[in-house]
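The basis for the numbers below is simple: all heavy atoms, side chains too, and nothing from hydrogens, waters or symmetry mates.
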Amino acid sequence: MRQLLELVERIAQTNAAVLITGESGSGKELIARAVHHYSLRCSKPWVDVSCAALPEHLVESELFGYEKGAFSGADSAKQGLFELANHGTLFLDEVGELETRMQVKLLRVLDGVAYYRLGGVRKVSVDVRIVAATNQDLEDMVDCGKFRGDLYHRLGQICLRVPPLRERQEDIIPLAQHFLRQSNPRTAFSAEALRILESHSWPGNVRELRNVVTKAAVLARDVEILGEDLVLPQAKPRKEATPITSLSTTGASLDGMEKTMILRVLAQTNGHQQRAAELLGISRRTLSRKLKLYGREAVRSSCVS
């Protein structure tokens, strides 16, 4: 995370568009705010919007504004989010949820083309830095035709990946103690509670950790939070589209078994790496690294077979 924040400080001084990827709850918005905070636009507007939360028929009017009488109920003109963020930063959360028509218009605006408000006749020009975030694999969406490749490359002039909490276990205890101070500064964790927090996989990432700590702080009956005070969800068995047959362990090394399992799951998903990573319970980056070790021929043979 220190390396990530050092990178944020360096890129913040530029006007390059930034694409932040990572699992839900991992802290993508905080990284986006850090980009704005360290930028030369820090004194200018910060405007954020969740593309997934906007109804499809309102996306255009919210982003680009509208004129009076543009549609039923438009009793007065309204500035869009691009205008509100002029000279500042516009944060597009869950950008992968934008439908194709809006992707085209967004691309033109990012390329500096002036646009019209909905129902307008006067072009609007803005100077806005775009920071976008998504928990989806936009590369796969481009391959599937669900996201425009030119927009993906325009948004991702600089790409930042926020690692999930399970990949930075050293952050769990400091974060938990920070959330505890916010909720109930008179309490503290017992050694057992700290051990439980550190050993949990945190599929909901930092958001889940904050919720667990807040609940424990509110419901604690003593100044020390015990392990029994932590309400952690039970791990659910991973659903698999196709049952994976058991492997014979006779004479097989652990690395060999791992390779066989990974290639078999990759074959079952027809080479879809994101889906295979989900079935295996590992990140796509880990899967890609292992596939590079196995070589192209091995991967190609498994997919063909």
Side-chain angles (χ1 to χ4, degrees), residues 7-8 10-22 28-29 31-67 70 77-161:
L7 181 59
V8 165
R10 293 207 307 273
I11 67 174
Q13 302 297 313
T14 72
N15 283 319
V18 179
L19 177 63
I20 305 171
T21 62
K28 297 187 293 297
E29 183 172 349
I31 296 299
R33 287 182 179 273
V35 172
H36 177 70
H37 173 76
Y38 289 114
S39 74
L40 300 176
R41 300 172 182 258
C42 60
S43 61
K44 303 300 181 180
W46 158 272
V47 178
D48 58 273
V49 59
S50 172
C51 299
L54 289 176
E56 186 174 315
H57 63 284
L58 293 180
V59 174
E60 183 172 5
S61 61
E62 288 296 316
L63 288 179
F64 304 109
Y66 55 82
E67 297 291 350
K78 178 185 176 181
Q79 288 185 318
L81 297 179
F82 270 94
E83 288 178 81
L84 294 175
N86 195 25
H87 301 300
T89 303
L90 177 59
F91 175 52
L92 300 175
D93 197 11
E94 301 302 338
V95 71
E97 298 294 334
L98 284 177
E99 51 99 12
T100 306
R101 187 176 64 87
M102 287 309 304
Q103 292 179 26
V104 176
K105 190 161 185 177
L106 177 60
L107 177 62
R108 286 179 57 81
V109 176
L110 292 180
D111 284 337
V113 178
Y115 63 90
Y116 294 100
R117 289 182 182 175
L118 198 62
V121 294
R122 180 178 60 86
K123 284 192 172 183
V124 178
S125 297
V126 293
D127 173 22
V128 174
R129 184 190 193 160
I130 295 294
V131 179
T134 182
N135 58 9
Q136 302 184 59
D137 191 325
L138 292 188
E139 288 187 4
D140 279 355
M141 293 182 66
V142 170
D143 293 339
C144 297
K146 295 180 180 179
F147 200 85
R148 293 182 61 93
D150 46 7
L151 178 58
Y152 168 68
H153 293 298
R154 183 62 180 81
L155 289 172
Q157 289 181 331
I158 297 177
C159 294
L160 300 176
R161 175 183 176 269

Could you please spell out the steps behind the side-chain contact (heavy atoms from CB on, under 4.5 Å) verdict for Arg108 and Tyr115?
CA-CA 8 Å; Arg108 286 179 57 81; Tyr115 63 90; over 6 Å; no
Please step through side-chain contact (heavy atoms from CB on, under 4.5 Å) for the pair Glu99 and Val59, ending with a clear verdict.
CA-CA 9 Å; Glu99 51 99 12; Val59 174; over 6 Å; no
Intermediate values then yes/no, side-chain contact (heavy atoms from CB on, under 4.5 Å), Asp93 and Asp48:
CA-CA 7 Å; Asp93 197 11; Asp48 58 273; over 6 Å; no
CA sep, side-chain torsions, deciding dist, call: Val47, Val49, side-chain contact (heavy atoms from CB on, under 4.5 Å)
CA-CA 7 Å; Val47 178; Val49 59; 5.8 Å; no
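Note that the CG atom of Leu63 and the CG atom of Leu81 stand 5.5 Å from one another [nearest 0.5 Å]. Rounding to the nearest 0.5 Å gives a distance of 9.5 Å between CG of Asn135 and CG of Leu138. The distance from the CG atom of Asp137 to the CG atom of Asp143 is 8.5 Å, given to the nearest 0.5 Å. Atom SG of Cys159 sits about 9.5 Å away from atom NE2 of His153, to the nearest 0.5 Å. Here the straight-line distance linking atom CG of Leu92 with atom CD of Glu94 works out to 11.0 Å at 0.5 Å rounding. Here CE of Met102 is found 10.5 Å from CG of Leu151. Values are rounded to the nearest 0.5 Å.
Phe147 and Gly96 make their closest contact through CE1-CA, 4.0 Å (heavy atoms, listed as atom of the first residue, atom of the second, distance). In terms of heavy-atom proximity, Val104 sits nearest to Arg148 at CG2-NH1, 3.6 Å. Closest non-hydrogen pair, Ser39 versus Ala12, comes out as CB-O, 3.2 Å. Across Lys28 and Gly22, no two heavy atoms sit closer than the pair NZ-O, 3.3 Å. Considering every non-hydrogen atom in both Arg117 and Ala77, the closest pair reads NH1-CB, 3.7 Å. Taking each heavy atom of Leu58 and Ser61 in turn, the nearest pair found is O-OG, 3.1 Å.
In this structure, Val35 and Thr89 have side chains that are not in contact, with every pair of non-hydrogen atoms separated by 4.5 Å or more. Residues Val131 and His36 form no side-chain contact, since every pair of their non-hydrogen atoms from C-beta on lies 4.5 Å or further apart.
Arg129 places a side-chain N or O within 3.5 Å of a backbone atom of Thr14 that can act as its donor or acceptor partner. Between the Glu67 side chain and the Gly119 main chain, no donor and acceptor come within less than 3.5 Å of each other.
The environment of Lys105 atom NZ is dense: over 12 non-hydrogen atoms of other residues, nucleotides or ligands sit within 6.0 angstrom.
Classification of the Phe82-Phe64 ring pair by plane angle, with boundaries at 30° and 60°, yields parallel.
Tested against Ile20 for a side-chain contact (heavy atoms from CB on, under 4.5 Å), the candidates Ile158, Leu155, Ile31 yield a single pass: Ile31.
We find that Asp111 and Arg154 are joined by a salt bridge, their nearest charged nitrogen and carboxylate oxygen being less than 4.0 Å apart.
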